[in-house]
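There's a structure below that I have some questions on.
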Amino acid sequence: MRRMRRAQTMPPCAQLACALLLPPLLFGGGVLAICPPMCSCARGHRAVDCSARGLSLLPDGLQHNIGSLNLSRNRLQDLDGLLSHSGHLRTLDVSHNRLSQLPADLPRALWDVRAAGNRLRQLEKNHTAYQWNLRTLDLSANELERVVFINNTLPALRSLNLSHNRFWTVPTNMPHNLETVDLSHNFLVQILPGSLDRLPRLARFYLHGNRFAAVGGRAFSRLPGLRLLTLYGNPWACEDEERIAALLAWARSTPARVEGCPCHTRPICGGAWPTPTSYDADARDAREASQPPMQAVTSAYPSELGRGTLDDPQTALPSTPAPRTPSTPASTTERPRRSGKPGSGAGVGTGVGVGGARSATAGLTALTPAALALNLLLTVTGLAPI
Ligand SMILES: *[C@@H]1O[C@H](CO)[C@@H](O)[C@H](O)[C@H]1NC(C)=O
Ligand SMILES: *[C@@H]1O[C@H](CO)[C@@H](O)[C@H](O)[C@H]1NC(C)=O
Ligand SMILES: *[C@@H]1O[C@H](CO)[C@@H](O)[C@H](O)[C@H]1NC(C)=O
Ligand SMILES: *[C@@H]1O[C@H](CO)[C@@H](O)[C@H](O)[C@H]1NC(C)=O
């Protein structure tokens with residue numbers, strides 16, 4: 001397998017011939033781009049893919065001018081300082097290795113760092129303090145319990161994925177320009193006051209699959225940009241009306257779409273944005289909104305938590321149904337089955353709303369053709385059973 005890949009990526013010169021050819025080229029002083037032999041390279045050897053090569057060490061022969069480096073699915077344990085010379089590196093994928101910390105001294109040009117599926121325990125201040133350009137940071141599926149952000153660092157960060165870690169409290173001091181934060185599948189029980197105060201652009205906030213029983217009534221009310229919040233899969237203290245009432249009231253009235261209304265009052269609440277197009281309905285945003293895929297809202301009460309009274313949350317809380325606003329998606333009907341794959345386009349449905357029947361023309365004009373097609377498709381499939 002590895003051989004084949006190598007054969008494909010090497011120019012059609014046998015290794016012996018190459019060995020004979022290279023020295024003259026080097027001595028000739030020409031700019032020579034080299035691809036590490038076990039990797040494959042594209043875009044003038046500046047996009048280097050060394051994923052799934054069984055590497056436990058950084059391969060030799062990486063050029064300093066590379067723009068993207070994929071080291072995912074290897075056995076790397078430590079890359080500290082080893083990439084600091086790659087000053088043009090924009091994208092680094094070190095997912096699914098054995099790193100116990102994010103490599104120190106990462107180049108400051110980076111836009112996109114993916115380190116999911118490692119053994120990261122802590123994110124040190126040093127690791128992010130100078131990443132002025134970083135837009136996307138994926139640290140999902142690690143062992144993080146906390147991260148320390150210095151005030152006013154990571155100014156360009158738009159997307160932070162901390163899902164499948166060990167957080168029990170929402171990180172404080174999150175970078176101020178974040179638009180997407182995924183904290184799903186942690187052990188979150190609380191949101192400290194003030195943690196969400198200065199996140200004016202936060203639009204997509206994933207909190208499903210945690211251990212929230214209640215959050216302060218005002219927790220989410222200081223997020224003016226919020227469009228999507230996922231709350232399903234939390235053991236809300238529905239029997240304790242006093243603790244939960246403020247959250248329920250907020251969820252009913254927020255313009256944001258809330259997936260998994262606490263206490264199963266409805267699968268979806270909020271969502272009173274005037275028109276679907278007020279959503280940033282370009283394809284990228286729609287795709288982001290679809291991740292992580294919607295899960296069965298009805299699986300929201302982990303039985304291992306043993307909250308007996310929650311077995312029938314419908315009766316646990318006398319719920320007045322939220323007033324339906326005209327733009328509320330048709331949440332009481334069966335939602336079209338999502339494929340479950342990220343990026344499958346389900347987000348167009350999620351973001352734009354699959355309710356379909358409402359004033360289509362006004363909303364559709366601003367959609368991209370692809371999103372339009374998908375929305376129509378979802379609408380059609382949603383209506384099909386009728
Ligand atoms: C790196 O390679 C893996 C597997 O080959 C692929 O799934 C992943 O998308 C790549 N990462 C980037 C940033 O392209
Ligand atoms: C963090 O930065 C300080 C000062 O530059 C340095 O002394 C320390 O070793 C760094 N720590 C790590 C973990 O890189
Ligand atoms: C960070 O900013 C917050 C809010 O402005 C402030 O309360 C806190 O003291 C700051 N922390 C540091 C270390 O400057
Ligand atoms: C975060 O990462 C998890 C697991 O790696 C993935 O399933 C999820 O879709 C990501 N979330 C976002 C918002 O991209």
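Both ligands and their constituent atoms are indexed starting at 1 by order of listing. One is the number of the first residue; the rest follow in order along the sequence.
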For atom 4 (C) of ligand 1, the protein heavy atom that lies nearest, with its residue and separation: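 Going atom by atom, the protein heavy atom closest to atom 4 (C) of ligand 1 ends up being Ser51 OG, 3.8 Å.
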
What I want to find out is whether Arg201 reaches Glu179 closely enough, with some N-O distance under 4.0 Å, to be called a salt bridge.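 Salt bridge present between Arg201 and Glu179.
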
Spacing of NZ belonging to Lys125 relative to CZ belonging to Phe149, to within rounding of 0.5 Å: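 Here the rounded value is 12.5 Å.
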
Whether the side chain of Asn165 engages the backbone of Asn142 through a donor-acceptor N/O pair (distance < 3.5 Å, no angle test) should be reported.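 Checking the backbone N and O of Asn142 against the side chain of Asn165, a donor-acceptor pair under 3.5 Å is found.
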
Distance under 4.0 Å to a non-hydrogen atom of Asn161: what atoms of ligand 4 satisfy this?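 In order of number, 1 (C), 2 (O), 3 (C), 8 (C), 10 (C), 11 (N), 12 (C), 14 (O).
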
Would you mind listing every side-chain hydrogen bond (donor to acceptor under 3.5 Å, both in side chains) that reaches into residues 87-96, with sequence neighbours excluded?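 Applying side-chain hydrogen bond (donor to acceptor under 3.5 Å, both in side chains) to every pair that reaches into residues 87-96, excluding sequence neighbours, yields Asp93-Ser95.
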
Strictly under 4.0 Å, does any heavy atom of Ser72 approach an atom of ligand 1?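 Per 4.0 Å heavy-atom rule, Ser72 contacts ligand 1.
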
Give me the nearest non-hydrogen protein atom to atom 11 (N) of ligand 1 as residue plus atom name, then the distance to 0.1 Å.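 Among all protein heavy atoms, the one nearest atom 11 (N) of ligand 1 is Asp93 OD2, 2.7 Å.
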
So, does Asn70 use its side chain to make a donor-acceptor pair with the main chain of Ser72 at under 3.5 Å?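 Yes; judged by distance alone, with no hydrogens or angles, the pair exists.
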
Would you tell me whether Arg75 and Ser56 have side-chain atoms, one donor and one acceptor, within less than 3.5 Å of each other?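 The criterion, which ignores hydrogens and geometry beyond distance, is not satisfied for Ser56 and Arg75.
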
Ser140 N/O under 3.5 Å from ligand 4 N/O: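 Such a contact does occur with ligand 4.
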
Would you please name every residue forming a side chain to side chain contact (heavy atoms under 4.5 Å, CB included) with Asp105, sequence neighbours left out?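 Only Ser84 meet the side chain to side chain contact (heavy atoms under 4.5 Å, CB included) criterion with Asp105.
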
Test of proximity, Arg114 against ligand 1: N or O pairs below 3.5 Å: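 For ligand 1, there is no N or O atom that lies under 3.5 Å from one belonging to Arg114.
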
Within-cutoff protein neighbour (heavy atom, under 4.0 Å) for atom 9 (O) of ligand 1: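 It does not: no protein heavy atom is found less than 4.0 Å away from atom 9 (O) of ligand 1.
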
How close does the nearest protein non-hydrogen atom get to atom 2 (O) of ligand 1, and which residue and atom is it?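 Looking at atom 2 (O) of ligand 1, the protein heavy atom closest to it is Asn70 ND2, 2.3 Å.
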
When you look at Gln101 and Gln122, which way does the side-chain contact (heavy atoms from CB on, under 4.5 Å) test go after all the steps? CA-CA 7 Å; Gln101 60 172 11; Gln122 260 197 36; over 6 Å; no

Of the side chain and backbone of Arg73, name the one, both, or neither that has a heavy atom under 4.0 Å from an atom of ligand 1.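 Within the 4.0 Å criterion, Arg73 makes no contact with ligand 1.
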
Heavy-atom contact under 4.0 Å between Ser163 and ligand 4?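 Per 4.0 Å heavy-atom rule, Ser163 contacts ligand 4.
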
Show the atoms of ligand 4 that are less than 4.0 angstrom away from any heavy atom in Asp182.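 In order of number, 1 (C), 8 (C), 10 (C), 11 (N), 12 (C), 13 (C).
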
